[in-house]
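One structure is given below, encoded as structure tokens.
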Amino acid sequence: MSIHVAKSAGFCFGVNRAVELVEQAAREKGRVCTLGPIIHNRHAVSHFQQMGVSVIESPQEAQPGDTVIIRSHGVSRQVYRLLEEQGVEIVDATCPFVKRIHEIVSRAEEEGRLPIIIGTPTHPEVEGIAGWCTSCRIFDTPEKLEKWAQEPDFSPDLPVCMVCQTTSTENLWKKCGEIAKKLFTNLKIFDTICKATEFRQSEAAKLSSICQAMVVVGDTHSSNTGRLAMICREHCSRVTLVDNAAELVPEFFCGVADVGITAGASTPAWIIKEVNKTMSEIMNAEAVQEENFEELLEQSIKTLNTGDKVTGIVTGIGATEVQIDLGTKHAGYIPYDEVSADPAVKPEDILHVGDEIEVFVVRVNDQEGTCQLSKKKLDGMKVWDEMATYCEEKTVIEGTITEENKGGLVANHKGVRVFIPASQSGVAKGGDMSALVGQTVQMKITEVNRARRRVIGSIRAVTAEARKAAQEKIWSEIEEGKQYHGVVKSLTSYGAFVDIGGVDGMVHVSELSWNRIKNPAEVVKVGDEIDVYVISFDTAKHKISLGYKTAEMNPWNQFMNNYKVGDVVTAKVVKLMTFGAFAEIIPGVDGLIHISQIADRRIGKPEDVLSVGQEVQVKITDVDAENKRISLSIRALLEGNNEASEEA
């Protein structure tokens, strides 16, 4: 006999967070109380009472100086005000998913929309949600929502916004959504079912469909525990809801081979373990009793049923199928198209005679003694299990981008289609997403809906995480003068912003070049990779001032390293003055040709001989390094040529 415990059994994220906040407050604060039971489980509440945490039913019961913890169900806006008036310290343990619903209904009302809440009207979570708007309608069945259309206050043109209790069932939400779409012409729908709840319910449905009996562990007053029991009863005829191990009845397990355990979000792990242990003891005792009565006869005959997962040995690979020995009277076989989801994979590439493999039973033919099996279906089931785990644990996985569509990208991971919305592609708005098609990317799974066969992923979540880590590293190591290799991200009239590995710094226009420039685009362009250094930084304001020009780039230094007095160079006339002409030797370095040095004769003004833009041969006659002044002469060259001619 086997016991299967649901992976999702026990505390969800929101409940676990609330419990941790209570334990922390009990250790660190004075008088601590929770506004209502922190979770729907009397054992957990009793545990906290032993730690000195009391339960109050209204804000007025709190005393000034108390620490009051708001439970994960959340409360209305008015309750917050009342607590503040009492002068208490508020610790808000409201589940983030419930907080989001508060924001949705509050914003909807500001937009002039009437909030519709699908859930149990008396449930604390629903009462809290309703407290974030002045008016709303609450429905706990699709029939009541549909009946509203017959009431006087109904109008199909009424602007409405529909949300649901986080622990609502997918079936109830879906039916209400279909009805609302028919009733209203101006409707906004927000699927606010907690994904952890959705996964828990989906797993309960799957487990109850393959087990002969189900044990649901949790408080009978817990809404989500009750829904789990209801879901299990839809798939399994033998279901019991127990508060703890003491409520287990041995007779319940008579004749059961496989039993599943699931638990509500408010059930502590130690209770689940206790139930599991007690069940194991009961079932082992029953197994021994059956063995004595049946004389091991039943153990010699294995039965197979459609939907079973079984292990077998590969005995042969034929032309159209793979033969499997299941250790039963049935001849097992896997058709080629049921070996792998990848049509390019050949059976002989992944299977060999003697291999032990796990397969899914598709069809049993007792008359012919055959059993059709599928490796592809079981692999697919496992991949979906993996996807749910990836989503829950925020695991980074790889996928290959197969296509671009109107809303984003599609990636393939082990045969599962993962949709990546454009906003999560990591490509800037208006950018070219098609460039990613065919590439292998890293992504995180953000949503898994097995019932709808929908998986949503995010590349941006991975890059954002990497960027955050890079930013933290830069800010922890940054210092003045440190050099970085960066990429120009954008240009403004006053400078260029450069990404130095997750953090942007600014190079002021004055730090881009030794020459005077009017626009940064004269030196760099977006996408350029450049080497920069830190001039200054402000950690508090997250601002970095970078430099690009270096001493080596200084035109004066270049001149001093490459030229000396007596050198003859070609210079370009850049400016004419009454006393002479300025000529550029190299970009950024000009020398003066005094009017007396322009010609070998007396001239009235420089423009009589020279013009702007004209290139002339000049001799460097003097360099004033301290004042960065250079004297040039055309006359010296002309006189030198004349002397040479006379000598000749």
* To do: Check the pair Lys188 / Val160 against side-chain contact (heavy atoms from CB on, under 4.5 Å), numbers first and verdict last.
  => CA-CA 6 Å; Lys188 278 190 176 181; Val160 295; over 6 Å; no

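- A heavy-atom distance below 4.5 Å is not found between the side chains of Thr395 and Lys444.
- Qualifying side-chain hydrogen bond (donor to acceptor under 3.5 Å, both in side chains) partners for Thr120, counting only residues two or more places apart in sequence or in other chains: none.
- Qualifying side-chain contact (heavy atoms from CB on, under 4.5 Å) partners for Gln442, counting only residues two or more places apart in sequence or in other chains: Val396, Glu398, Val462.
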Under 3.5 Å donor-acceptor pairs involving side-chain atoms of residues 355-363, not counting sequence neighbours:
from	atom 1	to	atom 2	distance (Å)
Asp355	OD2	His352	N	2.8
Glu358	OE1	Lys382	NZ	3.1
Arg363	NH1	Gln372	OE1	2.6

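- Judged as a salt bridge (charged side-chain N to carboxylate O under 4.0 Å, His left out), and not counting sequence neighbours, Glu23 has no contacts.
- For Phe154, the ring-ring contact (aromatic ring centres under 6.0 Å, His included) criterion is met by Trp148, Phe184, not counting sequence neighbours.
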* Walk me through it: do Val32 and Ile69 pass the test side-chain contact (heavy atoms from CB on, under 4.5 Å)? => CA-CA 8 Å; Val32 178; Ile69 301 174; 3.7 Å; yes

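- Sorted by first and then second residue, the ring pair (Phe, Tyr, Trp, His ring centres under 6.0 Å) pairs involving residues 222-241 (not counting sequence neighbours) form an empty list.
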* Can His4 and Val259 be said to form a side-chain contact (heavy atoms from CB on, under 4.5 Å), step by step? -> CA-CA 6 Å; His4 309 276; Val259 61; over 6 Å; no

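- Judged as a salt bridge (charged side-chain N to carboxylate O under 4.0 Å, His left out), and not counting sequence neighbours, the contacts of Glu170 are Arg452.
- Residues Met214 and Thr262 form a side-chain contact, since some pair of their non-hydrogen atoms from C-beta on lies under 4.5 Å apart.
- Between Leu248 and Phe253, the closest side-chain pair of non-hydrogen atoms falls below 4.5 Å.
- Here the closest heavy-atom approach between residue Ile350 and residue Ser340 is recorded as CD1-CB, 4.4 Å.
- In summary, the side chains of Glu125 and Thr166 do present a donor paired with an acceptor at a separation below 3.5 Å, with no hydrogens or angles considered.
- Arg238 has its side chain within reach of Phe252: a pair of non-hydrogen atoms, C-beta onward, lies under 4.5 Å apart.
- Heavy atoms of other residues, nucleotides or ligands lying less than 6.0 angstrom from CD of Gln86 number more than 12.
- A side-chain donor-acceptor contact under 3.5 Å links Gln212 to the backbone of Ala257.
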* Asked: Can you check salt bridge (charged side-chain N to carboxylate O under 4.0 Å, His left out) on Arg71 and Asp92, steps first, answer last?
  -> CA-CA 7 Å; Arg71 56 186 174 177; Asp92 194 351; over 6 Å; no

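- Between Phe139 and Cys176 the shortest side-chain heavy-atom distance does not fall below 4.5 Å.
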* side-chain contact (heavy atoms from CB on, under 4.5 Å) between Val418 and Ile445, worked out -> CA-CA 8 Å; Val418 181; Ile445 302 302; 4.0 Å; yes

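- With Glu247 contributing its side chain and Asp243 its backbone, the two residues share a donor-acceptor pair below 3.5 Å.
- Sorted by first and then second residue, the side-chain hydrogen bond (donor to acceptor under 3.5 Å, both in side chains) pairs with a member in residues 411-421 read Glu386-Lys414; sequence neighbours excluded.
- Residues that satisfy the ring-ring contact (aromatic ring centres under 6.0 Å, His included) test with Tyr333, not counting sequence neighbours, are absent from this structure.
- Without hydrogens or angle criteria, Thr267 side chain to Ala263 main chain gives no donor-acceptor distance under 3.5 Å.
- A side-chain N or O of Ser106 and one of Arg77 form a donor-acceptor pair less than 3.5 Å apart.
- Looking only at distances, no side-chain donor or acceptor of Ser46 sits under 3.5 Å from a matching main-chain atom of Arg42.
- Qualifying side-chain hydrogen bond (donor to acceptor under 3.5 Å, both in side chains) partners for Arg460, counting only residues two or more places apart in sequence or in other chains: none.
- A search for side-chain contact (heavy atoms from CB on, under 4.5 Å) contacts involving Glu338 returns Ile334, Pro335, Ser374, Lys376, Lys377, not counting sequence neighbours.
- Residue-environment remark: NZ (Lys99) exceeds the threshold of 12 foreign heavy atoms within 6.0 Å.
- Between Val216 and Val239 there is a side-chain heavy-atom pair separated by less than 4.5 Å.
- The side-chain hydrogen bond (donor to acceptor under 3.5 Å, both in side chains) search around Asp379 returns Lys375, not counting sequence neighbours.
- When all heavy atoms of Ser458 and Thr446 are compared, the closest pair comes out as CB-CG2, 3.9 Å.
- For the residue pair Ser76/Gln78, the side-chain donor-acceptor check at 3.5 Å is not satisfied.
- In the model, Gln201 has no side-chain atom that pairs as donor or acceptor with a side-chain atom of Thr169 under 3.5 Å.
- Side chain of Ser54 to main chain of Cys33: no donor-acceptor pair is present (N/O by atom type, distance under 3.5 Å, no hydrogens or angles).
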